[in-house]
Amino acid sequence: MKHQNPTDGNEEKEEDAGFEELGLDPRLTRALSKKGIAKATPIQREAIPLILEGKDIVARAKTGSGKTFAYLLPMLQKLFSEGKSTKPAPSAFILVPTRELCQQVCSEVLSLLEFCRVSLRVIQLTASMLLTDMKTALAGPPDIVVSTPACISTSISKGVLQASSIKDSLSMLILDEADLLLSYGYEDDLKSLISHVPRRCQCLLMSATSSTDVDKLKKLVLHNPVILTLSESIHSKDEIIPKNVQQFLISCSPQDKLLNLLALLKLELVQKKVLIFVNSIDMGFRIRLFLEQFGIRSAVLNAELPQNSRLHILEEFNAGLFDYLIATDDSQTKIKEQKDKENRILSKKSKKQIKNKVDGEFGVVRGIDFKNVFTVVNFDMPETAAGYIHRIGRTGRAFNTGVSVSLVSPGEDEIIEEIKSMMGYDNQEQSDSIIPFPLLTKSAVESLRYRAEDVAKIVTKIAVRESRAQEIRNEIINSDKLKAHFDHNPKDLELLKHDKLLSKKAPPSHLREVPEYLVDKTTKEASKLLKLSMAAMGIQPVKKRPKLKRGLGISRDPLKTSSAERGRKRYPKGKKRKMKFDEASNRGKKGKHEA
Ligand SMILES: Nc1ncnc2c1ncn2[C@@H]1O[C@H](COP(=O)(O)OP(=O)(O)OP(=O)(O)O)[C@@H](O)[C@H]1O
């Protein structure tokens with residue numbers, strides 16, 4: 001096992017290495033330049049020549065560093081040179097932990113093949129496929145299969161893929177997000193597949209974080225691999241997180257997280273597009289309902305949605321059709337809950353009756369290439385340091401910059417310490433690596449407290465549950481429409497809006513804008529500074545979305561209340577009573593009262 005570090009002195013020359021110097025086929029370099037990709041990233045500079053030489057490699061590089069192309073390009077070149085395959089089984093397997101990643105990698109391969117005008121066939125396998133669909137997909141056979149380990153082992157156990165043919169045909173096996181493959185419970189699937197992998201097969205292991213699982217996989221799959229570490233020092237923080245991601249935190253109570261999130265977004269103190277991570281689907285819907293009362297539209301990406309709805313939401317968000325996406329990163333909790341539930345239910349019902357509501361292959365953190373996300377917000381802190389790294393790795397990808405803001409409540413402090421020590425921040429000079437967010441002042445937060453607390457009160461558990469059920473109904477209908485529609489119009493993104501209003505009543509318009517008098521001078525300056533710095537970096541502010549359609553209520557400016565409202569009975573100061581939805585929404589019309 002060899003460790004490879006960039007040691008030679010001609011780093012500068014290498015820095016500008018184009019793809020031609022790496023020995024890539026001109027069809028591939030032309031394809032990359034058509035995609036506007038000219039300069040190789042460090043992981044690509046190191047990995048591509050070694051893979052072209054036929055070496056097994058373990059590539060550990062930070063999130064967003066281009067690992068996908070680092071293995072796709074040499075893999076395609078190898079298959080190009082093998083020529084049209086007459087083999088009885090696929091030549092290459094790319095194994096990934098989630099269905100979303102399958103889709104993403106498969107579309108990357110398709111796009112490269114299209115540009116190269118090479119007629120290799122790539123397919124993806126997912127757990128929701130019927131056996132007949134699997135048979136159809138694997139007929140031929142295809143040259144490249146992108147799949148989760150579970151689907152490959154199912155197709156072998158069901159005889160759709162012959163183990164003997166794999167032994168004769170497989171020339172490349174790639175495990176992407178390798179450390180997650182085992183923690184997602186794919187160990188048995190991998191072991192059953194690996195027993196059929198021929199010795200001559202070239203195996204690649206890619207991940208941004210290392211773990212004992214990766215070590216386990218190395219022993220299982222690789223032969224005398226080259227271990228690629230791509231950082232100046234083992235403990236450099238850049239090793240796993242791009243240095244172009246500025247990491248901030250806001251300490252607040254769990255109850256004030258919605259208020260702080262509202263202040264960040266409403267006072268425009270963070271740059272769009274914004275990806276908000278939560279640990280549960282309920283919290284995702286609570287945030288969505290809360291924000292839409294203030295005219296901030298979003299979508300919730302979660303495991304309950306039909307798969308093509310999830311993919312369509314990702315495509316719409318990447319296409320910039322909406323600016324805020326709430327992603328439920330419940331990978332750890334979901335698997336644990338599912339196992340607990342199955343164990344509890346098993347005593348009463350047989351396993352086969354368990355309807356698995358939640359898609360076990362769902363995952364929106366690892367490897368998903370969200371386009372142009374400038375800000376990642378950890379509304380709930382992740383359960384592991386690796387989870388944090390992959391979440392904030394959704395921004396600052398390739399050569400872009402990004403910002404992460406974590407809302408940390410007193411019970412979440414230790415995960416911050418765990419993260420700092422994992423990233424080698426424990427020594428003093430690096431203790432400022434995750435710093436308090438400087439643009440949000442206490443007065444700015446307090447200025448929105450009344451409104452936020454009023455609205456938060458009406459976003460009850462029942463409202464969340466109802467909207468969650470409503471969303472499922474909408475998306476199942478959409479999903480059927482989507483399926484039919486996409487068959488005929490694959491490129492159409494306009495068909496469905498996933499960020500449409502979820503509340504039963506149209507939000508009151510006065511909550512949409514923050515009145516001038518509520519925003520202190522410092523905050524105004526900060527917001528202006530942010531816009532100027534983005535403009536200086538050539539990042540256009542995301543265009544304003546068209547105003548929300550007027551609901552049943554007539555929207556009016558809170559400061560110009562009607563005579564009837566001016567005469568409305570005012571409650572003596574301090575006298576609180578249970579507000580209903582409409583009164584809470586009218587509260588803003590008292591204008592000065594809030595200041
Ligand atoms: N050489 C390059 N120059 C510019 N952009 C690139 C280059 N290589 C890849 N990219 C782009 O960078 C983004 C991130 O690439 P990729 O998803 O492969 O990163 P990754 O290392 O796999 O990230 P993760 O750890 O999240 O899986 C993608 O949008 C990709 O198209």
Side-chain angles (χ1 to χ4, degrees), residues 14-22 24 28-29 31-48 57-76 94-98 100-112 115 146 174-181 204-211 214 228 230-231 238-242 244-245 273 275 277 314-315 317-320 327 329 331 363-374 376 386-402 404:
E14 272 187 18
E15 279 291 311
D16 301 326
F19 287 92
E20 298 71 12
E21 285 89 349
L22 304 178
L24 273 183
L28 289 168
T29 50
L32 290 168
S33 54
K34 284 178 195 158
K35 292 166 85 82
I37 291 179
K39 195 173 82 168
T41 62
I43 178 67
Q44 292 163 358
R45 279 203 307 274
E46 296 296 321
I48 291 175
I57 67 156
V58 178
R60 195 178 148 213
K62 51 195 168 188
T63 57
S65 56
K67 290 189 289 296
T68 311
F69 279 158
Y71 67 76
L72 282 187
L73 296 166
M75 176 201 76
L76 288 176
I94 303 173
L95 303 186
V96 294
T98 65
E100 279 71 15
L101 208 44
C102 264
Q103 169 71 22
Q104 180 178 296
V105 171
C106 198
S107 46
E108 282 292 2
V109 177
L110 282 167
S111 141
L112 284 168
F115 277 118
V146 188
I174 298 160
L175 307 181
D176 195 0
E177 302 299 341
D179 63 316
L180 200 64
L181 289 177
L204 314 177
L205 245 155
M206 319 296 284
S207 181
T209 42
S210 80
S211 67
V214 177
L228 282 178
L230 287 141
S231 60
D238 299 341
E239 178 190 351
I240 42 183
I241 287 218
N244 46 358
V245 175
K273 294 191 292 193
L275 186 55
F277 281 109
L314 269 175
E315 283 165 355
F317 181 65
N318 279 346
D329 172 22
S331 45
V364 286
V365 183
R366 291 302 192 96
I368 299 301
D369 187 37
F370 293 98
K371 299 290 184 198
N372 305 322
V373 167
F374 189 83
V376 164
Y388 173 85
I389 285 162
H390 283 280
R391 284 188 183 186
I392 72 169
R394 296 315 99 201
T395 185
R397 296 175 71 72
F399 301 106
N400 297 319
T401 56
S404 72

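Ligands are counted one by one from 1 in listed order, and the atoms in each one are counted from 1 as well.
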Atom CG of Asn372 and atom CZ of Phe317: how far apart are they, to the nearest 0.5 Å?
9.0 Å

If you measure every N or O of Glu177 against every N or O of ligand 1, does any of those distances drop under 3.5 Å?
yes

Check this for me - ligand 1, Ala40, N or O atoms closer than 3.5 angstrom, yes or no?
no

Determine whether the side chain, the backbone, both or neither of Tyr71 has a heavy atom under 4.0 Å from any heavy atom of ligand 1.
neither

Would you mind checking which non-hydrogen protein atom is closest to atom 11 (C) of ligand 1, with the distance to 0.1 Å?
Ala398 CB, 4.0 Å

Over-ring placement of Lys35 relative to Phe69, 6.0 Å and 45° cut-offs
no

Roughly how far, to the nearest 0.5 Å, is CG of Leu73 from CD1 of Ile48?
5.0 Å

What are the atoms of ligand 1, with element, lying closer than 4.0 Å to any heavy atom of Ser65?
19 (O), 20 (P), 21 (O)

Taking 4.0 angstrom as the limit and counting only heavy atoms of Lys62, give me the atoms of ligand 1 inside it, by number and element.
21 (O)

Can you sort out which atoms of ligand 1 are near Thr63, meaning under 4.0 Å from one of its heavy atoms?
23 (O), 25 (O)

Closer than 4.0 Å to some heavy atom of Gly64 - which atoms of ligand 1 meet that?
14 (C), 19 (O), 20 (P), 21 (O), 23 (O), 24 (P), 25 (O), 26 (O)

Does Gln44, backbone or side chain, put an N or O under 3.5 Å from an N or O of ligand 1?
yes

Shortest non-hydrogen contact from Thr63 toward Gly393:
OG1-CA, 3.0 Å

If you round to the nearest 0.5 Å, how far is CZ of Phe370 from CG of Leu314?
5.0 Å

Per atom 30 (C) of ligand 1, closest listed option by heavy atom (Val105, Leu72, Asp369, Asn400)
Asp369

Nearest non-hydrogen contact to atom 9 (C) of ligand 1 from the set Phe399, Phe370, Phe69 belongs to Phe69

One residue to check: Thr68. Relative to ligand 1, which of side chain, backbone, both or neither has a non-hydrogen atom less than 4.0 Å away?
both

In ligand 1, which numbered atoms sit nearer than 4.0 Å to a non-hydrogen atom of Arg394?
24 (P), 26 (O)

Considering heavy atoms of the protein only, find what lies nearest to atom 17 (O) of ligand 1 and give residue, atom and distance to 0.1 Å.
Arg397 NH2, 2.8 Å

Got a sec, which residues hit salt bridge (Lys or Arg N to Asp or Glu O under 4.0 Å) with Arg391, two or more places apart in sequence or on another chain?
Asp329

For Phe19, take its heavy atoms, then give the atoms of ligand 1 lying under 4.0 Å from any of them.
1 (N)

To the closest 0.5 Å, what do you measure between CD1 (Ile37) and OG1 (Thr29)?
12.5 Å

Within the 4.0 Å heavy-atom cut-off, what Lys39 brings close to ligand 1 is backbone

For atom 19 (O) of ligand 1, what is the closest protein heavy atom, and at what distance to 0.1 Å?
Gly66 N, 3.2 Å

Note: Asp176-Lys67 ion pair, threshold 4.0 Å (strictly below)
no

Is it the side chain, the backbone, both or neither of Lys371 that has a heavy atom closer than 4.0 Å to ligand 1?
side chain

Applying a heavy-atom cut-off of 4.0 Å, say which part of Lys67 lies close to ligand 1: side chain, backbone, both or neither.
both

Could you measure the distance from the CG atom of Leu204 to the CD1 atom of Ile94? Nearest 0.5 Å is fine.
9.5 Å

